[in-house]
Trainee: 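Sharing a structure, written as structure tokens. Questions coming.
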Amino acid sequence: MDILRAPVVGSFLRWRYARPAVQLVLLLVSLAVVLHGLFGPQLAPRNLATVLTSIHWRGFLVIAIVAVGNLFCTACPMVLARDVGRKFFHPALRWPRRLRGKWLGLALLVAVLFSYELFDLWSQPRATALLVLGYFGVAFVIDTVFAGASFCKHLCPIGQFNFVASTMSPAELRIVDRETCRSCKTSDCIKGHYGPAEAGHYEQKQRGCELGLFLPMKVGNLDCTLCLDCVHACPHDNIALTTRIPGEELLERGRRSGLGRLMLRPDLAALAIVFTFAALVSAFAMTTPAYAVEQRIAASIGARSEGPVLAVIFIVGLFVAPAVLLGAAGLVTRGLTPSATSLRATVLSYAYALIPIGLGIWVAHYGFHLLTGALTIVPVVQSAVVDAFGRALLGGPAWGWVGFQPGAVFPMQLGCVVLGAAGSLGMVHAVSQRDQPSRPLLVSVPWLAVVLVIATVALWILTQPMEMRAVSFPG
Amino acid sequence: MRLEPRAQHRVLTALRLRSGQAALVFVCSVLCLAGCDRTDPADAVRVSWTLDPSPPRAGTPIVARLTLRDAAQQPLTGVHLRLEGLMSHPGMASVSAAVVERGNGEYEAPLQFTMAGDWILLVTGELPGGEQIKKQIEIAGVRPAP
């Protein structure tokens, strides 16, 4: 099914200004977040900055990815800001070759997750507003200095998260007819479309893919911001937003445009692994046992502040535990296989199979906050209107509006983790069938065990009492 | 009026610079204003508090005792108070309590925290003279239900 040819939705998406329109909406929301964060009440549950980012934005982001695709990159207001900036500052440099790849973006993703826990950003409206401003500023500077979508492709930590998660999305931009692409002489989908300007010069009328994805060789959603530039640029109307089997792209071994072969990209595999284990660490951080673990670590290393304690948790959770688990599984797999593939190659092959369970945990976590706090936006907006205009134009704040009871959400959380685990188990078996067709089940065993361990830990975390902290450190 | 191309270019460049400068001034102003503080009329009111039992546990009824004093340390009586408990994390249900005056500037409110973690008690009220007061009390580390 081609969503671009569906009535109403398709017509809207094919409209040239569809993306700026949704970006403008999110830009206005960002402006409200910044203004209320800076000038509104510094009480997290009563401020748009903290409520919208911690409850609604994160929840809708993962749900959109599961339901359709990387829609929040589509609507990214930072790209709109930099597009305006590029009318005044023309980027002349290309992103340095040595900094390409996902290592930098991965480091920033870990830094953002770590900072979120360390500085308790969910409880700090002003800090959240400044972070949003800072994010806009960095994106603006990077993309007005470096050409293309350098920030999106190489740096943006949210983008890297979205790229990995959207491999499980049910929709993808791909070409309709391969022969049409073979006969195409202009490659507008990547170069952009040029037309005559003043004084006999040519100027770009429509940009092509700024992330370097050449549509005839594009596979899947990795690095795709779903900006639809390729759709608007293609003179043959040969690009579709089609439905597909989520995760199927991760089994593709061939070379893909803008990325190369997944099996030769340790940075992408590391991103998939961190994506999965960060889901556990992030969910664990808000439970009662985490409080006890922090106390023990603080006592054993003599820490008097939260930084070193959190650093230990992050190092163990994001690096030591995955290295031990995946390393052990890789060694067992090597022992079971007649062909002598290296440990690194084995781990790279199976690392991507963890993405479904990782996404399941993220959806369970962020979905919990969204569903239990969905309606809190109503009184906060009402209160913000009172703050801004001095009158209750939308009525007095209905502080009783909250959302589902946590107990009602729990079965949905279980479903997310179980579905994610099922997806990962299926992916593991598919990888084994691809790489070891003679004995796929036997070779799968250690990796099935890894998935089951992750799922068990996730289910244990979900059953723990929540303990939301922001002002206290147990050390 | 039609400008020559060079003049047009100069005007456009100036406009671009000015809009860039204006944006910079706007951002700086926003950041500066964010650092400003306003004098709170409730600053003259001192609120001290205790919780019984302490530390509190989620799901267990507790009593919050508030003592209100003015700047001269004299008890403040006849204050209409409201007490609301909010989690430090957004999106969670708040709890509210009726506040009863016990005399000599002391007030009591029965309360029950619904979840472990950090809470903020929001004390709002009206002094006999009509002045509004608003105080935030941070309750760190409400323990999980037994």
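Sequence lines set the chain letters: A, B, ... in the order given, protein chains first and strands last, and positions in each chain run from 1. Small disclaimer: the values here were computed from a predicted structure and weren't measured.
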Trainee: Which of residues 371-382 of chain A get closer than 4.5 angstrom to chain B, counting heavy atoms alone?
Mentor: Thr372(A), Gly373(A), Thr376(A)
Trainee: Look at atom CZ of Arg296(A) and say whether more than 12 heavy atoms of other residues, nucleotides or ligands are closer to it than 6.0 Å.
Mentor: no
Trainee: Side chain, backbone, both or neither: which part of Thr288(A) has an atom under 4.5 Å from a heavy atom of chain B?
Mentor: side chain
Trainee: Near Phe114(A) CZ, under 6.0 Å, is it more than 12 heavy atoms from other residues, nucleotides or ligands?
Mentor: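 Atom CZ in Phe114(A) is packed in, count exceeds 12.
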Trainee: Compare all side-chain heavy atoms of His89(B) with those of Met286(A) and state whether any distance is below 4.5 angstrom.
Mentor: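 In short, these two side chains touch, coming nearer than 4.5 Å.
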Trainee: What residue, out of Leu43(A), Asn47(A), Val402(A), has the most heavy-atom pairs lying under 4.5 Å from chain B?
Mentor: Leu43(A)
Trainee: Over all heavy atoms of both residues, which pair between Trp122(A) and Ser88(B) is shortest? Give the atoms and the distance, please.
Mentor: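 Distance-wise, the nearest heavy atoms are CD1-O, 3.9 Å.
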Trainee: Which pair of non-hydrogen atoms, one from Ala44(A) and one from Pro90(B), has the smallest distance, and what is that distance?
Mentor: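 Reported closest heavy-atom pair: O-CB, 3.7 Å.
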Trainee: Measure the spacing between CG of Asp118(B) and OG of Ser123(A) and express it to the nearest 0.5 Å.
Mentor: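 The OG atom of Ser123(A) is 8.5 Å from CG of Asp118(B), to the nearest 0.5 Å.
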Trainee: Has Gln405(A) got more than 12 heavy atoms of other residues, nucleotides or ligands less than 6.0 Å from its CD?
Mentor: no
Trainee: Sequence neighbours excluded, which residues qualify as side chain to side chain donor-acceptor pair (under 3.5 Å) partners of Arg143(B)?
Mentor: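 Scan of Arg143(B) (side chain to side chain donor-acceptor pair (under 3.5 Å), adjacent residues dropped) gives Glu467(A).
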Trainee: Please give me the minimum heavy-atom distance between Arg46(A) and Glu84(B), naming the atom from each residue.
Mentor: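 So the two residues come closest at NH2-OE2, 2.7 Å.
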